[in-house]
Undergrad: 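Mind looking over this structure? Questions follow.
Naming: A, B, ... by sequence-line order, numbering from 1 per chain.
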Amino acid sequence: SAVISQKPSRDICQRGTSLTIQCQVDSQVTMMFWYRQQPGQSLTLIATANQGSEATYESGFVIDKFPISRPNLTFSTLTVSNMSPEDSSIYLCSGMTDKETQYFGPGTRLLVL
Amino acid sequence: GQQVMQIPQYQHVQEGEDFTTYCNSSTTLSNIQWYKQRPGGHPVFLIQLVKSGEVKKQKRLTFQFGEAKKNSSLHITATQTTDVGTYFCAGNTGKLIFGQGTTLQVKP
């Protein structure tokens, strides 16, 4: 299985500020993704992080709000910009292996006041 | 758009009883994956099913993939308190589409 780490594990932020979440994966991962999970809800795909190019965003998510970088195969960042209380959620990074199985990081619990 | 429906949303069982959760996709899947998420934890990969009609077992867990590759089920025999959590199916159509999850509570 792939090993995926994320930081910070949690944060409390003021509205209007931005937070950058970092994700580090091991070398078995070919693709990286960012998800959001509201408490008690399922996972919603935000975007696919593409190495060296712009991320591919899902419907309802835009680059200005959730800029994503992936400068190399094993590292990606997600920024939650100009935060509002509605952005309070768990943000999860995941990596897909060449066998198309996905493994998730421990998540970042974000609370926006 | 593509959807994966999962039922039931919640299930309470007595320890020792069986449990089943069902997934149904609106489109044919290349594969389906199952995850378990403990309270306060992150989704943990359980298994991937690829072939039409495939059945896989992990101890007390039995996973099935339908003949049309549009539905799947997870069955737990003789539940234990350690089985508590939310079970998600995720259909792969080029990207993973997650079902709503089934939260299992087990009374000791």
Undergrad: Check whether A/Leu45 gets within reach of chain B through its side chain, its backbone, both or neither, counting any heavy atom under 4.5 Å.
TA: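 For A/Leu45, the contact with chain B is made by the side chain alone.
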Undergrad: Is A/Gln37 in contact with chain B via its backbone, its side chain, both, or neither, using a 4.5 Å heavy-atom distance?
TA: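 When you check distances to chain B, only side chain atoms of A/Gln37 fall under 4.5 Å.
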Undergrad: Are B/Trp34 and B/Phe19 joined in one hydrophobic group, where the rule is that I, L, V, M, F, W and Y side chains link up if heavy atoms are under 4.5 Å apart?
TA: yes
Undergrad: With rounding to the nearest 0.5 Å, note down the distance linking OG1 in A/Thr44 to CD1 in B/Ile97.
TA: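 That separation rounds to 10.0 Å.
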Undergrad: Hey, could you give me the CD/NZ distance between A/Gln102 and B/Lys95, rounded to the nearest 0.5 Å?
TA: 12.0 Å
Undergrad: Output the distance between atom CG (B/Asn92) and atom CD (A/Glu100), rounded to the nearest 0.5 Å.
TA: 5.0 Å
Undergrad: Please check if A/Val112 and A/Trp34 belong to a single hydrophobic cluster, counting links between Ile, Leu, Val, Met, Phe, Trp and Tyr side chain heavy atoms closer than 4.5 Å.
TA: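 Hydrophobic grouping puts A/Val112 with A/Trp34.
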Undergrad: For the pair A/Ser42 (side chain) and B/Gly101 (backbone), establish whether a donor and an acceptor sit closer than 3.5 Å, ignoring hydrogens and angles.
TA: no
Undergrad: Please test B/Leu96 against A/Tyr35 for side chain to side chain contact (heavy atoms under 4.5 Å, CB included), starting from the C-alpha separation and ending with a verdict.
TA: CA-CA 11 Å; B/Leu96 282 188; A/Tyr35 288 82; 3.7 Å; yes
Undergrad: Is there a chain of hydrophobic side chains (I, L, V, M, F, W, Y, each step under 4.5 Å between heavy atoms) that links B/Val84 to B/Val13?
TA: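 Shared cluster, yes.
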Undergrad: What are the two closest heavy atoms between A/Phe104 and B/Pro43, and how far apart are they?
TA: CB-O, 3.6 Å
Undergrad: Please flag which part of B/Thr86 lies under 4.5 Å from any non-hydrogen atom of chain A: side chain, backbone, both or neither.
TA: neither
Undergrad: Identify the two heavy atoms, one from B/Gln48 and one from A/Lys99, that lie closest to each other, and give their separation to 0.1 Å.
TA: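 Heavy-atom minimum between the residues: NE2-O, 3.1 Å.
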Undergrad: Mind listing the closest non-hydrogen atom pair of B/Gln33 and A/Thr101 along with its distance?
TA: OE1-CA, 3.6 Å
Undergrad: Would you say that more than 12 heavy atoms from the other residues, nucleotides or ligands in this model lie under 6.0 Å from the CZ of B/Phe45, or not?
TA: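 Result for CZ/B/Phe45: enclosed.
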Undergrad: Counting only non-hydrogen atoms closer than 4.5 Å, does B/Gln9 touch chain A with its backbone (N, CA, C, O), its side chain (CB onward), both, or neither?
TA: neither
Undergrad: Please answer: with hydrophobic residues joined when any side-chain heavy atoms are less than 4.5 Å apart, are A/Met32 and A/Tyr91 in the same cluster?
TA: no
Undergrad: According to a 4.5 Å side-chain heavy-atom criterion applied to Ile, Leu, Val, Met, Phe, Trp and Tyr, with indirect links allowed, do A/Ile4 and A/Met31 form part of one hydrophobic cluster?
TA: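 The answer is yes; both residues are in one hydrophobic cluster.
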